[in-house]
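Remarks on the structure that follows.
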Protein chains: 2
Amino acid sequence: MENSQKALVLLRQIIRSTDMQDKEISRRTGLTPAQLMLMQTLRENLQLTTGELAKEMALTQATVTSILDRLEKKELIARQRGTEDKRKVWVSLTDDGVELMKGAPTTQQDLFVRHFEDIQNWEQSMVVASLERVAFMLNAQHLDAAPLLDIGQLDRAQNDHSKN
Amino acid sequence: MENSQKALVLLRQIIRSTDMQDKEISRRTGLTPAQLMLMQTLRENLQLTTGELAKEMALTQATVTSILDRLEKKELIARQRGTEDKRKVWVSLTDDGVELMKGAPTTQQDLFVRHFEDIQNWEQSMVVASLERVAFMLNAQHLDAAPLLDIGQLDRAQNDHSKN
DNA sequence: TAAATTAGTTAGCAATACGAACAAACACAA
DNA sequence: TTGTGTTTGTTCGTATTGCTAACTAATTTA
C-alpha cells in the first residue's frame, strides 16, 4: 500500500475518532456539537464578533446567529453591541459558560495530552512536525480549491450584479 | 509552547481543513455532508446493512434510514431485503452512485496525494508513522471513555429492565 | 449628502439527528 | 410448536443545523 493511501486512511480514522469524542462531550455537557464548537472557539479567543466566529467555524453568519440565540438563552454566552462600531456584536462566554467549559470538554484533551506525554520526546517532536506537514498540505489544498465562503460571496456578488 | 499543545492545535487545524473540503465536495456533488459520508462509507464497503452503516458513521439507525430515503429517491443507492435474514436490509451504490463517486470526491484526495508525493520518501514514512501514533492515541481515548453508541445501548437496556 | 458597503438579524426552508414506539423476522426455551 | 424475548429496520415527533434571500442599522466612500 502506498504511503499516501496509508496517510489518507489514517486521516479518516483520526477524523472519525475526534468526531466520536465530540459527540461524547456533547452528551456530557448537554450541548450540541455545533454549540460545543462555538464555545470552544470562544474559549480560545475570548472576544469575537459574530462574523469572526462564522469565519472561524466555516459557517454562515445566519447560522451562527441562531446558534448564539440558543446559547444566549442558556446564559452561556453574552452579546454586547460594539461601542466604537455599533454594527458589530461582540460575543463572550459568561461565567456559567466558562464554568461549563472548565469541566468535561477539557478532560478529553487532558486524556490526549496524557497519552501524548507518555511517548518519547524525540517522537513528540516528530509527531508535531508531521502534523504541521499535513496541516500545511491540507491548507494549500483548499486554497487551490478556493474556500467555500469566498465562492459563496463571489456568487452573491455576481448575482447582485446581474440583478441590476 | 508544549509539544502536546502544539499537537492539539494542529489537530484542530486539520479537522477544520478537512471539514471545509467536505463542504467543497458537497457543493460540487449536490450532496449534503451526511449524504456524502454515507456514499463514501459505501464505496469502501460495497455491501452494508443499515445497522452497520449506522455503526460505521457513529449515527443512529433512525438517522441513517432518513438519509437513505433521500439517496434512494435520487437513485444513488439501492436497498435490498436480505434473503437469508429478512430483517436485514442491504444497501449498495447504484450505477449512478458509483459514477458520481468517481468524479469530484476523489479530486480532493488526488490533490492531497499529489502534495504528499512531493515530499521526500523518508518524510512520508515519518508522517505515516506519526499519524498512526495519533490515530492510536485517539482510539485508546474513546475506548477509555466508552463509545457513545454503547452507552446509549446500555441505557436502553437498563430502562427496558426497570420498565418491567 | 447620496450611494454603496458592511455587520448582524429575521424568515422560511430542507436536511440532520435523536429517542420512543412500532412491525416484522428470528432465536430459543418449554 | 407455541410463546417469549431479541434483533433489525422503519415511522413519528421534535429540536437543531445550515443555507439563501430579504431586511435594518451603521459606516464608508464618492
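Residue numbers start from 1 in every chain, and the chains themselves are labelled A, B, ... in the order their sequence lines are given, proteins ahead of strands. All values below come from the heavy atoms of this structure, side chains included, with hydrogens, waters and symmetry mates left out.
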Inset, instruction - Name all residues meeting the side chain to side chain contact (heavy atoms under 4.5 Å, CB included) criterion together with A:E123; count only those two or more places apart in sequence or in a different chain, and write none if there are none. - result: A:I119, A:Q120, A:M126, B:R133
Inset, instruction - Starting at atom CE of A:M57, determine the distance to atom P of D:dT17, rounded to an integer number of angstrom. - result: 9 Å
Inset, instruction - Give B:A34 one of three labels, base, sugar-phosphate or nothing, depending on what nucleic acid heavy atoms sit under 4.0 Å from its own. - result: sugar-phosphate
Inset, instruction - In whole angstrom, give the distance that lies between atom CD of B:E24 and atom P of D:dC19. - result: 13 Å
Legend entry - Atom-pair distance (CZ on A:R27; C1' on C:dG19), nearest Å: 14 Å
Legend entry - Distance, rounded to the nearest Å, where A:I67 contributes CD1 and C:dT9 contributes C1': 14 Å
Legend entry - Residue B:R70, side-chain heavy atoms: nucleotide from D:dC19, C:dT10, C:dA15 that is nearest: C:dA15
Legend entry - Straight-line distance of B:I15 CD1 to A:T18 OG1, nearest 0.5 Å: 3.5 Å
Legend entry - D:dG18 phosphate, OP1 or OP2, under 4.0 Å from A:T63 side-chain N/O: no
Legend entry - side-chain N/O A:Q61 vs C:dA7 OP1/OP2, d < 4.0 Å: no
Inset, instruction - Using a cut-off of strictly less than 4.0 Å, decide whether B:T60 has a side-chain nitrogen or oxygen near OP1 or OP2 of C:dA17. - result: no
Legend entry - Minimum side-chain heavy-atom gap A:F116-A:V127 below 4.5 Å: yes
Inset, instruction - Whole angstrom is fine here: how far is it from CG in A:L53 over to P in C:dA7? - result: 14 Å
Legend entry - Gap separating the CE atom of B:M57 from the CD1 atom of B:I67, nearest 0.5 angstrom: 5.0 Å
Inset, instruction - Starting from the 5' end of DNA chain D, give me the residue, A:Q35 or B:L68, whose nearest nucleotide shows up first. - result: B:L68
Inset, instruction - Quick one: label B:T50 by what it contacts on the DNA or RNA (base, sugar-phosphate, nothing), any heavy atom closer than 4.0 Å. - result: sugar-phosphate
Legend entry - Nearest-Å distance for atom pair CG/C1', residues A:L38 and D:dG18: 14 Å
Inset, instruction - Look up atom CG in A:L138 and atom CG in B:L111, then write down how far apart they are to the nearest 0.5 Å. - result: 10.5 Å
Inset, instruction - Please tell me which of A:P33 and B:V64 maps to the more 5' nucleotide of DNA chain D, matching each residue to the nucleotide holding its nearest heavy atom. - result: B:V64
Legend entry - side-chain N/O A:S66 vs C:dT10 OP1/OP2, d < 4.0 Å: no
Legend entry - Neighbours of DNA chain C within residues 78-87 of chain A, by heavy-atom distance under 4.0 Å: A:R79, A:R81, A:R87
Inset, instruction - Figure out the CG/P separation between B:L31 and D:dC19, and round it to whole Å. - result: 16 Å
Legend entry - B:E117 atom CD, neighbour heavy-atom count above 12 within 6.0 Å: yes
Inset, instruction - Measure from CG on A:L59 to P on D:dT16 and round the result to the nearest Å. - result: 16 Å
Inset, instruction - For the pair A:Q35 (side chain) and A:T32 (backbone), establish whether a donor and an acceptor sit closer than 3.5 Å, ignoring hydrogens and angles. - result: yes
